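In this chain, residues are counted from 1 in sequence order. Keep in mind that this is a model prediction, so the values were computed, not measured.
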Amino acid sequence: MLEAQNLTAGYPGRTVLEGVTLAVRPGRVLALLGPNGCGKSTLLRTMAGLLPPLGGEVLLDGRRDYSPRQAAQRVAYLPQSRMAPSITARRMVLHGRFPYLSYPRRYGREDYEAVDRALAAADALDLADRPVPELSGGQRQKVYLAMALAQETETILMDEPTAYLDIRHQLEVLALVRRLAAKGRGIALVLHDLCLALTMADDVAVLDGGRLLALDGPEEIYHSGVLARVMGVRLDRTSGPEGWRYFCGLPEEG
């Protein structure tokens, strides 16, 4: 389990978040929601070990003494955007195997098998031999997702994994997230689509003003009104064959 305990996060000379305590638990999906600039990405980067905490601590299974390589074998991070190097998609996804390789890096059969499994899971196997710069934004996002999956970690942190994807592929990615959680993976993801987040997440964290304002299940978050208030929208829902479906609108004037 990956935990933030009384975490203060940010950059030299600029604090973005203070006093955040939450956990990415095995078998559960945690959605991080809040307005632009509220610190969602900074929180993920700090929990991934890419930024040092300014205060508090990040614990992995109760410990903070993992080496970077050991941590990378336990926690994968999918950033919001990445460079597009002039290599094939398969070579890109192979980067996800780096934590398991010694120097000089020599891939084995198990690495190529892991990469093909990851590409297939991300619906990107047909892109394997194509150069990354030639891919569309949505296709690149699938490749980056496959790279995170190829890391074969217990915890996956995803910053806007549905960016650049059309609605069908957004739903497919979120269905994959649910399957990963069903297999015991802990998932934390940033989403801007509140309605999808409330539908698929087990836990919801609402961030604003440098603070964690609420951490609860989707039902409780909806009834509290905190998410609608923070985002400045009207949040409603309707019951359907598959459960609650949420929708947003502008607040009524007057």
Side-chain angles (χ1 to χ4, degrees), residues 1-26 28-66 68 71-72 74-82 144 148 153-163 177 181 185-198 200-218 220-222 224-233 235 248:
M1 181 169 68
L2 182 65
E3 302 173 79
Q5 293 192 352
N6 198 30
L7 183 67
T8 296
Y11 307 87
R14 183 166 70 92
T15 297
V16 177
L17 289 169
E18 290 186 88
V20 174
T21 296
L22 52 73
V24 186
R25 303 180 185 278
R28 298 184 71 82
V29 178
L30 169 66
L32 304 178
L33 306 180
N36 291 337
C38 73
K40 302 183 295 293
S41 296
T42 300
L43 176 58
L44 280 193
R45 287 174 56 81
T46 306
M47 294 186 74
L50 300 177
L51 292 173
L54 301 181
E57 57 187 356
V58 176
L59 300 177
L60 183 55
D61 294 334
R63 295 170 49 188
R64 57 175 177 270
D65 58 350
Y66 283 98
R74 309 289 295 280
V75 179
Y77 170 64
L78 174 66
Q80 194 171 41
S81 60
R82 254 182 207 276
Y144 300 150
T153 58
E154 300 166 359
T155 302
I156 306 177
L157 309 178
M158 303 180 175
D159 195 351
E160 281 294 319
T162 58
V177 166
R185 306 272 189 98
I187 312 287
L189 71 168
V190 172
L191 287 176
H192 282 299
D193 191 319
L194 309 183
C195 303
L196 286 179
L198 290 171
M200 57 78 63
D202 299 300
D203 306 295
V204 176
V206 181
L207 301 159
D208 190 33
R211 297 284 180 178
L212 174 63
L213 299 187
L215 176 61
D216 217 325
E220 292 76 14
I221 291 293
Y222 170 78
S224 74
V226 63
L227 185 56
R229 184 172 66 254
V230 163
M231 301 303 295
V233 298
L235 187 60
C248 297

- Apply side-chain contact (heavy atoms from CB on, under 4.5 Å) to the pair Glu3 and Leu22, showing each step before the final yes or no. CA-CA 6 Å; Glu3 302 173 79; Leu22 52 73; over 6 Å; no

- Looking only at non-hydrogen atoms, find the nearest pair between Ala201 and Pro218 and report the distance. O-CG, 3.2 Å

- Look up atom CG in Leu2 and atom CG in Asp61, then write down how far apart they are to the nearest 0.5 Å. 8.5 Å

- Note on the structure: Separation between CD1 (Ile221) and CG (Leu33), nearest 0.5 Å, reads 8.5 Å

- Query: Counting heavy atoms not belonging to Arg25, are there more than 12 under 6.0 Å from its CZ?
  - Reply: no

- Least distance between heavy atoms, Ala76 atom then Ala148 atom: CB-O, 3.7 Å

- Taking side-chain hydrogen bond (donor to acceptor under 3.5 Å, both in side chains) as the test, write out the residues that go with Asp216, two or more places apart. none

- Query: Roughly how far apart are Leu32 CG and Met158 CE, rounded to 0.5 Å?
  - Reply: 12.5 Å

- Please step through side-chain contact (heavy atoms from CB on, under 4.5 Å) for the pair Ile156 and Leu78, ending with a clear verdict. CA-CA 8 Å; Ile156 306 177; Leu78 174 66; 5.5 Å; no

- Message: Within this structure, what is the OH-CG distance for the pair Tyr66 and Leu60, rounded to the nearest 0.5 Å?
- Response: 5.0 Å

- Item | Side chains of Leu30 and Leu189 in contact at under 4.5 Å (non-hydrogen atoms) | no

- Ignoring hydrogens and angles, tell me if any N or O in the side chain of Thr15 forms a donor-acceptor pair with the backbone of Leu17 under 3.5 Å. no

- Message: Test side-chain contact (heavy atoms from CB on, under 4.5 Å) on Val206 and Asp208; report intermediate values, then the result.
- Response: CA-CA 7 Å; Val206 181; Asp208 190 33; 5.7 Å; no

- Return the minimal non-hydrogen interatomic distance between Pro26 and Met1, and the atom names on each side. CD-CB, 4.2 Å

- Does some side-chain heavy atom of Val75 sit less than 4.5 Å from a side-chain heavy atom of Glu154? no

- Do Glu18 and Thr8 come close enough that some side-chain heavy atom pair is under 4.5 Å? yes

- Task: Compare every heavy atom of Met200 with every heavy atom of Val177, then report the nearest pair and how far apart it is.
- Result: CG1-CE, 3.7 Å

- Query: Hey, are the side chains of Val24 and Leu157 touching, using non-hydrogen atoms and a 4.5 Å cut-off?
  - Reply: yes

- Between OH on residue Tyr222 and CG on residue Leu235, distance to nearest 0.5 Å: 6.0 Å

- Message: Closer than 4.0 angstrom, basic N to acidic O: yes or no for Asp65 and Arg63?
- Response: yes

- Message: If you define the side chain from C-beta out and look only at heavy atoms, does anything of Val58 sit under 4.5 Å from Leu7?
- Response: yes

- Taking C-beta and beyond as the side chain, do Val233 and Leu194 meet within less than 4.5 Å on heavy atoms? yes

Going by atom type alone, with no hydrogens or angles, which donor-acceptor pairs under 3.5 Å involve a side-chain atom of residues 34-56 and a protein atom two or more places apart or on another chain?
residue	atom	partner	partner atom	Å
Lys40	NZ	Gly34	O	2.9
Lys40	NZ	Pro35	O	3.1
Ser41	OG	Asp159	OD1	3.3
Ser41	OG	Asp159	OD2	2.5
Thr42	OG1	Tyr11	OH	3.2
Thr46	OG1	Thr42	O	2.8

- Exam field: side chain Glu160 to backbone His192, donor-acceptor pair closer than 3.5 Å: yes

- When every non-hydrogen atom of Gly19 is compared with those of Asn6, the smallest separation belongs to CA-OD1, 3.3 Å

- Message: Quick check: do Val29 and Asp203 have side-chain heavy atoms less than 4.5 Å from each other?
- Response: no

- Query: Heavy atoms, side chains only, cut-off 4.5 Å: are Leu207 and Leu213 in contact?
  - Reply: no

- Note on the structure: Thr153 and Ala72 have their tightest heavy-atom pair at CG2-O, 3.5 Å

